[in-house]
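Quick notes on the structure that follows.
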Amino acid sequence: MSAAAIAGAARAQSGGLRRFASQEALLALAVIGLAVVVGFINPRFLATRNLSDLLLGNAYIAIAAIGMSMVIISGNIDISVGALIGVLATISGSLAVAGAPILVSWLVPLVLGVAVMAAQGAVVAYLRIPAIVVTLGMLSILKGGLISVTGGKWITDLPQNFHLADLSFLNVPMPVVIMVLATALAAVWMRYSASGRAIYATGGNAEAARLCGVNPQRTVVMVFALHGFFAGIATLVYATQLRVIQSTTPPGLELTVITASVVGGVSILGGVGTVVGSTLAAILIAEITSALVFINVSPYWTDALRGGLILATVIADILRRQRRAARGWSK
Amino acid sequence: MSAPPETDVAPGPAAPLLEVRDIEKTFPGVRALSGVSFEVRAGEVHALLGENGAGKSTLIKIISGVYEPDGGSILIGGRETRFTSPEDAKRAGVATIYQELLLFPELTVAENIFLGHAPRAGMGRIDWRAMRARAEALLASLEIDDLAANQVVGALSVGNRQRVEILRALSHDARILIMDEPTAALTESDVTRLFDIVRRLRARGVGIVYISHRLDEIFAIGDRVTVLRDGAYVGARNVADTNASELVQMMVGRRIDNLFPKTTVPIGAPVLEARDIVRHPMTKSVSLTVRAGEIVGLAGLVGSGRSELAQTLFGITPAESGEIRLMGEGVTIRSAEGARSKGIAYVPEDRGVQGLVRPMSVLHNFSLAALGALSRAGFIDRGAERRMAEEGVQRFRVKTSSVEEIAGRLSGGNQQKIVLGKWLANNPKLLILDEPTRGIDVGAKAEIHRLMSELAGAGVAILMISSELPEVLGMSDRVLVMREGRFVAEFDRAHATSETVGAAMMGEAASVERAA
């Protein structure tokens, strides 16, 4: 082995080590560790039924967090996604009840999700209006529009074959299959495709990206469109689990989704993060919520804990940055 | 770089109002100030002179309490002090008027002047009448008659707003007034009035730190001048005892040593031919030719329009009129993307803002400009990407633990090598470099110069903008001098000396000198 080869191997190893200590690894450890601890206190927590319900009921959050992570990595934010999922669920359910072909009631949310988000992305990118303002406006439009149009009427009598989420593949429930598949595909695409790289470059330094031939505006529109696509899939997984669709927007959903992204290691400043991290974080948050019930803590603590988790993650990130900066300083 | 202070200024009778000694300041990867000393006496205008990046801004930020120095001392009235915040400096009588005026456009002149220290009428209420009276007194003391205390600031001209800032400083009983490029945005008549106010303040015993790179202003208003270069103290002079060419020499440096290994290479056919390029407001009918293997240096003071020309040639701010030929063929360049695809590379001046994606790895930064070429069906060929980055790291001698390292953690010189390397991955025919070695250490500098020579040897045409005259003279086959958006002189390598190029750069200032 030549000296260069040894050096190369050492480099590869240090890269591996760093990856091992990454946010994703920490989250995976936390997910397993928490299950072990809570299972020790109350073994019923580990019942297959409970774990399966936990994943089933929260897969849509992880799926929505994939798109949210892309949006935040690109240097933007979206707070309209919760309202959008509510609207799309209502539309999808209404179509199914009205007798539209099931495939249509499944596909329309995807198409509309892409259209609404791409439009927002275009406003953000080309009119240079901050994403938080644009999506705040959309949040109100969707929320207000939904309640005005439906009058808050519930959608019942959904056809049997509407319930995509009830299907399973190799004994694994469909929502979990979709969550894993979507996360894996998005992760590979983010890491290895030129467009995925463009998202990181745009969020890291849009000006430098532009000089390198990346089109930051087109990238932002693309990111929002993809986010809309994942919101559409999240809607499917969410709506087809329900026997009754309530025609309202799930309260606080956008915040749960953003929490999953941030806790998953996506930097709120843009340019850094992975969708594997956000999916693991979504599972962790669901696990914490469920664990509270099993260790007899009031579920009202869920929000407070979730908030604590966000602050802890962001503070840890900032501290890491400061240590890095301090090292740079002494050099 | 810390030359011994070669001051030949006689010490004043009393202790200076403000004195800084041996100031040191380092930012990550950059040594901003080393061993800088400076003083201001009562009733003098002390000009601070130096090119961009010389350390003027860092020095005034230390004097005004924005930064704390890493070493050295600050003395106010002969007593050693420490400023931990701008408030401390304000209390010690130091007021700063920045280039970007910090006023509240919705408030009146009087309100802006007394914001934060308005006269009180008991129970915390503001004494509006007293405030107005004191504002009017301040206006009268400088004989400003076209400005009323109750006018809304948003409606005022830039010159009048600046006067409001000055009055605000005076309302704090400032004894030391720092003015950062105060004439940058002023019209001719406003400059005259500003000088009038500066003279009045000087007569009152205020010490004024006056920052500018316009030599004629320094001769018009300054008593003394201190020159900084690359964060180091170069020297101080009495304005009466110096002249423009000496100051330019001090600003841009005299060293022409073997740091710049420019090798002679055969010069080929024209790569870039630009005729009558116009782009308002900074580029006013410019024509130039750069040939294969040739390094053309673009000299000029800051604000002469060099960077703007580079950005126009690269399509960031496309030309409004004129003709550009690349390799003999007429082309239209409308965007950076277009310029890139035609074989032009541009390494911007501000690598932090424009060049590097700091949170990304070295690997990903290297490949960013070549993603199209490295991808098949939208996916990046990771083997080829890694080979490219590792080759680049080796060729440019980037000091990094691995290509996986986050680019933002490397030193400034290594970051610059990545920015340069990233562009060369595209094999450009024309390379535009804007301040390629600003703020990086001597070793990294020499390596970048070696690379430039190597590229020229391979037939790349290079247009280099630099504010460092030794670099321009050392590296260029031909030197073009820009002033006020036009080329004013051209020298071949044999005739380009610091005297000839320096004289062409200062232009106006030379006439001041002749008149003096």
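Hydrogens, waters and symmetry mates are skipped; everything else that's a heavy atom, side chains included, is used. Letters A, B, ... mirror the listed sequences (proteins, then strands); counts begin at 1.
- Across B:Pro359 and A:Gly204, no two heavy atoms sit closer than the pair CG-CA, 3.8 Å.
- Residues that satisfy the salt bridge (Lys or Arg N to Asp or Glu O under 4.0 Å) test with B:Glu308, not counting sequence neighbours, are absent from this structure.
- For A:Thr256, the side-chain hydrogen bond (donor to acceptor under 3.5 Å, both in side chains) partners at least two apart in sequence or on another chain are A:Arg306.
- Within 6.0 Å of CG on A:Leu185 lie more than 12 heavy atoms contributed by other residues, nucleotides or ligands.
- The structure places CD of A:Glu207 at 7.0 Å from CD1 of B:Ile316, a figure rounded to the nearest 0.5 Å.
- For A:Phe169, the CZ atom sits in a loose shell: 12 or fewer heavy atoms of surrounding residues, nucleotides or ligands are nearer than 6.0 Å.
- The interface of residues 223-230 of chain A with chain B, defined by heavy-atom distances below 4.5 Å, is empty.
- Other residues, nucleotides and ligands place no more than 12 heavy atoms under 6.0 Å from the CD atom of B:Glu391.
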Output side-chain donor-acceptor pairs under 3.5 Å for residues 365-372 of chain B, partner residues at least two apart or in another chain, one line each.
from	atom 1	to	atom 2	distance (Å)
B:Asn365	OD1	B:Val357	N	3.0
B:Asn365	ND2	B:Val357	O	2.9
B:Asn365	ND2	B:Met360	O	3.4
B:Asn365	ND2	B:Ser361	O	3.3
B:Ser367	OG	A:Arg197	NH1	3.4
B:Ser367	OG	B:Leu363	O	3.4
B:Ser367	OG	B:His364	O	3.3
B:Ser367	OG	B:Glu385	OE2	2.7

